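A quick note: this is a predicted structure, and the numbers were derived from the prediction, not measured.
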Amino acid sequence: MKTSKKSNYGVTVKGKLFDTMIAHYLINPDMRHNMDILAETYLKYSPKSIETLIGKKGKNQISMRDVALEEIKEYAAEDADVTFQLKEIFTSELDKTETKKLFDEIEIPLVSVLADMETEGIRLDVEFLSIMSKEMDIEIKSLEQKIYESAGEKFNLASPKQLGDILFDKMKIGGVKQKKTKTGQYATGEEVLTYLANDNPIVKEILDWRQMVKLQSTYILALPEQVDKKTLRVHTDYMQTVAATGRLSSNNPNLQNIPIRTERGRQIRKAFVARDENHTLISADYSQIELRIIAALSGEENMIKAFQDGEDIHKATAAKVFNVPLDEVSREQRSNAKTVNFGIIYGVSAFGLSNQTSLSRSESAALIEAYYKTYPRLKSYISEQIEFAREKGYVQTILGRRRYLKDINSANAVVRSAAERNAVNAPIQGSAADVIKIAMINIHKKLKEENWKSKMLLQVHDELVFDVHNDELEKIQPMIKHEMENAFIMSVPLDVELGLGKDWLEAH
DNA sequence: GTATTCTGG
DNA sequence: TTCTACCAGAATACG
């Protein structure tokens with residue numbers, strides 16, 4: 001959402017909406033959707049660019065309100081004309097691609113839902129982050145000392161190039177043959193360093209340093225700068241036409257990648273708090289939504305039954321694949337089954353699986369074979385998706401959202417395989433996006449029509465975060481759960497887990 | 001502007 | 001024989 005339905009000047013847009021970017025996003029999500037490109041592509045016409053009026057992006061760019069009316073006139077009229085011409089074309093294209101319903105009933109209603117969420121924003125405990133920042137600074141400085149001492153010199157730790165030269169040319173860590181990036185310098189990514197962590201203590205220190213600097217620069221220092229002066233809250237911008245699968249994306253700031261996986265990182269979530277002492281955050285999370293969708297779409301009875309019986313799906317998978325009783329599944333077996341379950345969604349290969357687990361390539365191949373024996377319909381579903389893509393040139397979600405795969409018949413095996421993985425992944429990821437969008441629209445409607453005080457604040461792909469007035473705490477929980485679990489009925493039940501707390505860490 | 005790295009689902 | 005997981009955004013270095 002670049003433009004919000006409610007402007008900051010008290011004007012509320014009414015009536016039927018049509019948005020050429022959203023329309024084109026449904027017609028072909030992989031392409032660009034800005035008006036200039038659309039006009040060139042569909043009207044063979046290059047409109048007067050906005051930059052000729054306000055200058056290029058940057059500090060010298062002026063505001064449209066400072067441009068003379070006479071100059072604006074031509075631009076504005078052309079803008080309206082081009083938009084209208086595109087609308088005529090896209091209306092028939094939506095019909096042709098059978099995405100009209102998706103447009104009218106999901107994407108367009110979602111516009112005002114997102115506008116309200118963006119306008120609402122979420123409160124940030126700036127004081128908390130400031131304390132965290134000071135503690136982090138001390139740890140970072142101390143690690144830098146240690147690292148420079150071990151390296152025998154000072155250098156720019158943030159430069160992967162300099163770091164690679166120090167570690168591999170000077171210190172000879174891990175022997176002579178080291179992985180290089182495509183530009184020829186040493187690879188120093190997380191994967192490489194973790195592999196070498198036991199060779200020299202400096203490696204672990206660098207990993208720690210990297211993590212802390214990341215947290216400091218991307219979150220702890222950056223988030224407080226994004227607090228709005230008027231509302232004292234952070235207002236993310238949801239992009240509705242960026243992710244080719246149908247997901248939303250979030251920026252300025254991105255609130256869809258706030259840390260959670262490491263202990264140090266997840267502390268940052270304590271900074272996202274309820275609006276005041278009369279409110280509580282509720283986080284509502286779809287449990288395993290993508291696996292449930294692939295189970296339903298494939299009609300794989302063994303997997304469907306596991307979900308219907310409310311089993312731990314990774315454990316249940318392990319029991320079947322390794323042929324052991326449910327209560328004798330080891331931690332490692334469950335972990336490996338979990339990796340394959342996720343791998344299926346991404347288009348698993350023996351190589352990829354062996355990279356993600358401690359298994360060798362042949363063990364991985366054997367595991368995948370046992371997996372398909374357990375869930376035979378999954379294997380045929382994957383083949384059917386690829387076959388569908390080859391014939392039609394696209395795949396689709398449960399709501400008919402399309403993704404075109406131009407490389408599906410490519411002679412280049414690498415390119416073709418990537419398209420085949422997309423043929424499997426896009427309907428799964430995209431259908432999950434469809435489901436949560438339906439839930440968001442329905443919940444937003446209820447909150448408005450029934451005059452709830454509580455607000456929906458955030459969406460993180462399979463999670464919704466609400467700022468709930470304490471008076472409504474008991475009543476809202478079953479409502480949220482019901483709306484999310486019944487957004488789209490399939491042969492597999494959807495399951496939503498709720499959590500509450502004064503901050504996002506406690507709620508999640 | 002591109003490459004690398006790392007954060008999330 | 002090779003070397004790939006799917007979808008994003010942000011910070012930083014470097015040419």
Side-chain angles (χ1 to χ4, degrees), chain A residues 29-30 155-164 179-194 206-207 209-223 225-226 236-239 241-262 264-266 268-269 285-291 294 339-340 342-357 361 364 368 395 403 405 412-430 432-433 436 458-463 504 508:
Chain A
D30 280 282
F155 61 100
N156 186 352
L157 248 176
S159 161
K161 186 170 175 292
Q162 293 184 36
L163 178 65
K179 200 178 155 192
K180 300 270 183 75
T181 66
K182 61 183 162 194
T183 53
Q185 62 180 8
Y186 291 115
T188 68
E190 210 263 343
E191 210 179 319
V192 174
L193 294 192
T194 303
I206 290 163
L207 284 168
W209 181 88
R210 281 245 181 98
Q211 192 203 27
M212 287 196 278
V213 167
K214 180 75 174 184
L215 297 178
Q216 182 81 297
S217 64
T218 308
Y219 305 101
I220 299 171
L221 293 175
L223 285 170
E225 289 178 20
Q226 305 257 17
T236 187
D237 195 1
Y238 286 108
M239 308 304 275
T241 62
V242 171
T245 55
R247 276 187 173 185
L248 299 175
S249 76
S250 152
N251 62 23
N252 299 306
N254 182 356
L255 296 186
Q256 292 182 321
N257 73 344
I258 302 301
I260 193 159
R261 293 175 188 173
T262 68
R264 216 188 246 111
R266 69 188 306 169
I268 291 168
R269 291 193 171 225
D285 220 302
Y286 279 110
S287 161
Q288 307 297 352
I289 187 168
E290 292 190 351
L291 272 179
I294 201 172
T339 309
V340 192
F342 281 118
I344 288 299
I345 294 166
Y346 302 146
V348 74
S349 73
F351 178 84
L353 186 61
S354 67
N355 259 348
Q356 296 291 318
T357 62
R361 189 126 35 124
S364 297
I368 292 168
V395 287
R403 184 166 187 193
L405 300 167
N412 181 331
V414 176
V415 173
R416 189 179 60 248
S417 303
E420 288 175 356
R421 289 194 295 274
N422 278 324
V424 177
N425 178 263
I428 306 301
Q429 193 179 117
I436 198 167
L458 304 176
Q459 190 253 42
V460 191
H461 309 306
D462 62 357
E463 174 191 10
W504 197 3
H508 195 280

Check whether any side-chain N or O of A/Arg247 sits under 4.0 Å from OP1 or OP2 of C/dC6, and answer yes or no. no
One pair to check against side chain to side chain contact (heavy atoms under 4.5 Å, CB included): A/Asn254 and A/Thr236. What are the steps and the verdict? CA-CA 7 Å; A/Asn254 182 356; A/Thr236 187; 5.9 Å; no
With no hydrogens and no angle check, is any side-chain donor or acceptor of A/Gln162 less than 3.5 Å from a backbone partner on A/Asn156? yes
Within the 4.0 Å heavy-atom criterion, would you say A/Glu463 contacts the bases, only the backbone, or no part of the nucleic acid? nothing
Classify the nucleic acid contact of A/Thr339 as base, sugar-phosphate or nothing, counting any heavy atom under 4.0 Å across all strands shown. base
Considering only atom P, compute the distance from C/dC3 to B/dT4 and round it to an integer number of Å. 16 Å
By nearest-heavy-atom nucleotide on DNA chain C, the more 5' of A/Pro160 and A/Val348 is A/Val348
Interatomic distance, A/Trp504 atom CH2 to A/Leu255 atom CG [nearest 0.5 angstrom]: 6.0 Å
What is the separation between atom NE2 on A/His461 and atom P on C/dA8, rounded to the nearest whole Å? 10 Å
In whole Å, I'd like the distance from the CZ atom of A/Arg416 to the P atom of C/dA5. 18 Å
Please identify the 5'-most and 3'-most nucleotides of DNA chain B with any atom under 4.0 angstrom from a heavy atom of chain A. B/dA3 to B/dG9
Between A/Thr245 and C/dC7, does any side-chain N or O lie under 4.0 Å from OP1 or OP2? no
For the side chain of A/Gln256 and the backbone of A/Gln459, is there at least one donor-acceptor N/O pair under 3.5 Å apart? yes
Got A/Met239 and A/Asp237 here, is their nearest side-chain heavy-atom distance under 4.5 Å? yes
Quick one: is A/Asn422 getting a side-chain N or O under 4.0 Å of the C/dC7 phosphate, OP1 or OP2? yes
NA contact type, A/Val424, heavy-atom cut-off 4.0 Å: base, sugar-phosphate, or nothing? nothing
Indicate, with a heavy-atom threshold strictly under 4.0 Å, whether A/Ala426 touches base, sugar-phosphate, or nothing. nothing
Base, sugar-phosphate or nothing for A/Gly189? Non-hydrogen atoms, less than 4.0 Å. sugar-phosphate
Counting N and O atoms only, with roles assigned by atom type, does the side chain of A/Ser354 sit under 3.5 Å from a partner on the main chain of A/Ser364, one being a donor and the other an acceptor? no
Please tell me if A/Asn156 has a side-chain N or O lying less than 4.0 Å from either OP1 or OP2 of C/dA13. yes
Atom CD of A/Gln356 to atom P of C/dC6: distance rounded to whole Å? 11 Å
Do side-chain atoms of A/Asn425 reach the backbone of A/Ile345 as a donor and acceptor pair under 3.5 angstrom? yes
Any base atoms under 4.0 Å from A/Asn257, or only sugar-phosphate, or nothing? Heavy atoms, all strands. base
Main-chain N/O of A/Val414 paired to A/Asn412 side chain as donor or acceptor, under 3.5 Å: yes
Between A/Arg210 and A/Thr188, does a side-chain hydrogen bond (donor to acceptor under 3.5 Å, both in side chains) hold up when you go through it step by step? CA-CA 11 Å; A/Arg210 281 245 181 98; A/Thr188 68; 2.9 Å; yes
Need one value for A/Ile428: base, sugar-phosphate or nothing, where a base atom within 4.0 Å counts as base even if backbone is also close, heavy atoms only. nothing
Rounded interatomic separation in angstrom, taking CG from A/Asp462 and C1' from C/dC6: 14 Å
After noting the C-alpha distance and the side-chain angles of A/Arg247 and A/Glu290, does the key distance pass the salt bridge (Lys or Arg N to Asp or Glu O under 4.0 Å) rule? CA-CA 13 Å; A/Arg247 276 187 173 185; A/Glu290 292 190 351; 3.7 Å; yes
Measure the distance from CD on A/Gln226 to C1' on C/dG9 and round it to the nearest whole Å. 12 Å
Quote, to the nearest angstrom, the P distance that separates B/dT5 from C/dT4. 14 Å
Using a 3.5 Å limit on both pairing distances, list the dot-bracket string of DNA chain C from the 5' end; Watson-Crick and G-U wobble pairs count, crossing pairs take [ ], interstrand pairs take |. .....|||||||||.
Measure CD1/A/Ile289 against P/C/dC7 and give the value in whole Å, please. 18 Å
Check every strand shown and say whether A/Arg261 touches a base, only sugar-phosphate, or nothing at a heavy-atom separation below 4.0 Å. base
Using a 4.0 Å heavy-atom cut-off, does A/Ser349 contact any base of the nucleic acid, only the sugar-phosphate backbone, or nothing at all? base
Using the side-chain heavy atoms of A/Lys214, tell me which of these nucleotides is nearest: C/dA10, C/dC3, C/dC6. C/dA10
Has A/Gln185 got a side-chain N or O lying under 4.0 Å from the OP1 or OP2 atom of C/dC14? no
Rounding to a whole Å, what distance do you find between A/Glu290:CD and C/dC6:P? 14 Å
Contact under 4.0 Å: A/Ser159 side-chain N or O vs C/dC14 OP1/OP2: yes
Measuring from atom CD of A/Gln356 to atom CZ of A/Phe351, what distance do you get when rounded to the nearest 0.5 angstrom? 10.0 Å
NA contact type, A/Glu190, heavy-atom cut-off 4.0 Å: base, sugar-phosphate, or nothing? sugar-phosphate
Tell me what A/Ile258 touches on the nucleic acid: a base, only sugar-phosphate, or nothing, going by heavy atoms under 4.0 Å. sugar-phosphate
Rounding to a whole Å, what distance do you find between A/Arg403:CZ and C/dC7:C1'? 8 Å
Taking atom P in both C/dT1 and B/dC6, what distance in whole Å separates the two? 33 Å
Is it possible for you to check whether A/Lys179 lies under 6.0 Å from the centre of the six-membered ring of A/Tyr186, through NZ or CZ, and within 45° of that ring's axis? no
Base, sugar-phosphate alone, or nothing: which one does A/Ala413 contact when heavy atoms must sit under 4.0 Å apart? nothing
